[in-house]
Every structure is written in structure tokens, then in C-alpha cells.
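What follows is one structure encoded as C-alpha cells, with my remarks underneath.
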Amino acid sequence: NESASQTENPAATAPTITPLPTSIQQQLRAIDWFQFEQLVALAYSGTGVVARKGGAKPDGGIDLILHRQGESIGIQCKHWKSWTVGVKVVREMIGAMADAGLKKGIVVSLNPYGQYAIELASRHNIELVDEGGVVQLIKYLDQRDVQKILGDTRKICPKCEREMVLRTAGRGRNAEIGRAHV
């Protein structure tokens with residue numbers, strides 16, 4: 001029986017293939033917060049020296065510091081999946097800049113900014129960079145470096161910065177999906 005032999009032979013069944021994101025926007029949304037922060041650092045490294053501030057440790061509202069032409073600029077990365085970036089983020093950046101003694105800041109997100117956030121940022125020397133701006137920033141970089149970051153599929157714990165692995169819970173309320181450290 002031909003159909004019986006096909007079901008008994010695992011090689012006869014076509015594997016399920018998940019297509020990779022094709023557009024740069026899809027690739028940006030597919031990466032983790034950690035890779036996003038790395039990509040933003042790479043993008044700004046062409047204009048000055050970028051130092052990573054926080055990572056998994058408290059960063060005081062500033063993820064990266066860009067040092068260029070005698071000026072220090074605080075950069076906050078928001079790799080949110082669906083929220084509009086509101087005025088609260090800009091207020092936090094204003095406080096972080098004041099605490100760090102910085103006169104300029106940049107907030108980088110893949111999402112749009114609310115009108116009040118835009119108005120407040122413009123009054124406090126804060127540049128707002130959205131998805132289109134991120135695409136423009138990485139457009140002129142060495143694409144091998146960009147693809148190395150975009151191709152990194154690891155998920156990093158925001159508390160301890162260790163790689164996480166996907167685990168399936170066998171029982172209990174979260175029996176379908178759970179995350180744990182390596």
C-alpha cells in the first residue's frame with residue numbers, strides 16, 4: 001500500500017519550513033532587544049565612539065552614549081513590538097539626560113511617536129528616530145555587519161543578559177511555552 005509506506009517513512013513527509021523575514025523592516029522586528037541595541041550602536045559608531053551603558057544592569061534611562069566632536073549624546077533604544085512611543089518615554093529621557101549631565105538625547109524605536117512626545121522632544125533637544133530612520137541609519141553600513149546582527153536569533157534575558165532557550169512545560173498552567181536560562 002503506497003499511502004501506508006509514505007506515512008511510515010518520515011523522509012517522505014515534507015518538513016515544515018518557516019520562511020525567513022525578507023524585508024529589512026521584518027528583520028528589524030524579528031530581532032531581540034539585545035540585537036536591536038547592538039544594531040543601533042553599530043549605526044551610530046560611524047559618527048563617533050559609542051559606549052554601552054546599561055544592558056542588563058540599570059542604565060538610568062540611557063542605553064548607549066555617543067561621543068562625537070567633544071559632545072556626549074544619550075541614546076535610548078525602544079524595541080517595542082506594537083506600542084506608540086508616548087510622552088512618558090521622552091520625560092524619562094529628559095530626566096536621564098539631566099542626571100547624566102547631557103545636553104542632547106536620541107530615542108530610537110521601530111514604532112511611531114505620539115504628537116505630545118514629538119512636541120516635548122523638540123523642546124528638549126531630543127531627536128526621535130522611528131523605523132524609517134533606523135532603515136536610513138543602517139543603509140550605509142557594511143551590510144555583512146548588519147546581517148550578522150539581524151541573523152542572530154538568540155533571545156537574551158533583559159535582567160541578567162544570558163541567552164535564553166525555549167522550553168516546553170510538560171504540565172501546569174503554562175504547559176505550552178515557557179522560557180528559561182541556558
Side-chain angles (χ1 to χ4, degrees), residues 24-25 27-164:
I24 191 72
Q25 289 86 354
Q27 290 177 332
L28 286 169
R29 293 194 180 276
I31 59 176
D32 196 10
W33 69 272
F34 182 76
Q35 289 88 2
F36 184 66
E37 196 173 285
Q38 288 180 317
L39 189 65
V40 171
L42 177 66
Y44 282 100
S45 67
T47 65
V49 176
V50 177
R52 192 156 179 249
K53 190 164 186 271
K57 298 174 239 28
D59 59 22
I62 296 175
D63 296 318
L64 307 166
I65 303 274
L66 170 62
H67 303 282
R68 71 173 171 208
Q69 300 172 345
E71 177 181 42
S72 294
I73 303 166
I75 302 175
Q76 178 65 19
C77 303
K78 294 294 184 190
H79 189 258
W80 294 343
K81 300 293 182 188
S82 61
W83 299 313
T84 296
V85 181
V87 72
K88 180 180 178 208
V89 171
V90 176
R91 283 188 185 124
E92 289 170 355
M93 188 64 174
I94 293 167
M97 288 166 47
D99 187 53
L102 303 175
K103 293 182 178 14
K104 182 169 179 156
I106 302 170
V107 178
V108 183
S109 174
L110 297 177
N111 295 327
Y113 294 88
Q115 187 59 40
Y116 293 123
I118 294 168
E119 292 169 6
L120 185 61
S122 70
R123 292 194 308 265
H124 290 276
N125 206 18
I126 298 172
E127 179 184 349
L128 302 178
V129 179
D130 62 7
E131 181 177 67
V134 173
V135 171
Q136 286 301 313
L137 283 170
I138 63 176
K139 186 177 184 179
Y140 301 102
L141 298 173
D142 184 333
Q143 291 306 298
R144 292 173 296 194
D145 294 336
V146 171
Q147 286 305 315
K148 183 178 176 184
I149 294 171
L150 292 176
D152 185 356
T153 59
R154 296 175 301 155
K155 298 298 178 194
I156 306 298
C157 176
K159 292 184 179 178
C160 69
E161 224 170 281
R162 288 177 37 208
E163 184 176 352
M164 297 170 67

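Quantities reported herein were computed from a predicted structural model and do not represent experimental measurements. Side chains are part of it too, since the values below use all heavy atoms of this structure and drop only hydrogens, waters and symmetry mates.
When all heavy atoms of Ile149 and Ile31 are compared, the pair lying nearest together is O-CG2, 4.1 Å. Nearest heavy atom pair, residue Gly74 against residue Met93, reads O-CE, 3.0 Å. Closest non-hydrogen pair, Arg154 versus Phe34, comes out as NH2-CE2, 4.0 Å. The shortest heavy-atom contact between Leu120 and Arg91 is CD2-CG, 3.7 Å. When all heavy atoms of His67 and Ser72 are compared, the closest pair comes out as ND1-OG, 2.9 Å. Heavy-atom minimum distance, Ile138 versus Ala43: CG2-CB, 4.2 Å.
For Gln143 (side chain) and Leu141 (main-chain N/O), a donor-acceptor pair under 3.5 Å exists by modelled atom type. Using a distance-only test at 3.5 Å, with no hydrogens or angles considered, a donor-acceptor pair links the side chain of Trp33 to the main chain of Ile156. Asp130 places no side-chain N or O within donor-acceptor distance of the main-chain N or O of Pro112, the cut-off being under 3.5 Å.
For the side-chain contact (heavy atoms from CB on, under 4.5 Å) test, residues two or more places apart in sequence or in another chain that qualify with Ala96 are Ile62. For Asn125, the side-chain contact (heavy atoms from CB on, under 4.5 Å) partners at least two apart in sequence or on another chain are Lys104.
Residue Asp142 holds its CG atom at 11.0 Å from NZ of Lys148, rounded to the nearest 0.5 Å. Here the straight-line distance linking atom CG of Leu102 with atom CD1 of Ile126 works out to 10.5 Å at 0.5 Å rounding. How far CG of Asp63 is from CD1 of Ile106: 12.0 Å, rounded to the nearest 0.5 Å. Rounding to the nearest 0.5 Å places CD of Glu92 at 8.0 Å from CD of Gln76. The line from SG of Cys77 to CG of Leu110 is 10.0 Å long, rounded to the nearest 0.5 Å.
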Using side chain to side chain contact (heavy atoms under 4.5 Å, CB included), reason through Leu128 and Val85 one step at a time and then give a plain yes or no. CA-CA 10 Å; Leu128 302 178; Val85 181; over 6 Å; no

Run the numbers on Gln25 and Val135 for side chain to side chain contact (heavy atoms under 4.5 Å, CB included), then give the verdict. CA-CA 8 Å; Gln25 289 86 354; Val135 171; 4.0 Å; yes

Between Tyr113 and Val107, does the side chain to side chain contact (heavy atoms under 4.5 Å, CB included) criterion hold? Intermediate values first, please. CA-CA 10 Å; Tyr113 294 88; Val107 178; 3.8 Å; yes

Verdict with supporting geometry, Gln35 and Asp32, side chain to side chain contact (heavy atoms under 4.5 Å, CB included): CA-CA 5 Å; Gln35 289 88 2; Asp32 196 10; 2.7 Å; yes

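Taking the side chain as every heavy atom from C-beta outward, Trp80 and Val89 approach each other to under 4.5 Å. Side-chain contact between Ile24 and Val134 is absent, with no heavy atoms from C-beta onward closer than 4.5 Å.
For residues 38-48, the set of pairs meeting the side-chain hydrogen bond (donor to acceptor under 3.5 Å, both in side chains) definition, not counting sequence neighbours, comprises Thr47-Arg68.
A salt bridge is absent between Lys103 and Glu71: the closest approach of a Lys/Arg side-chain nitrogen to an acidic carboxylate oxygen does not fall below 4.0 angstrom.
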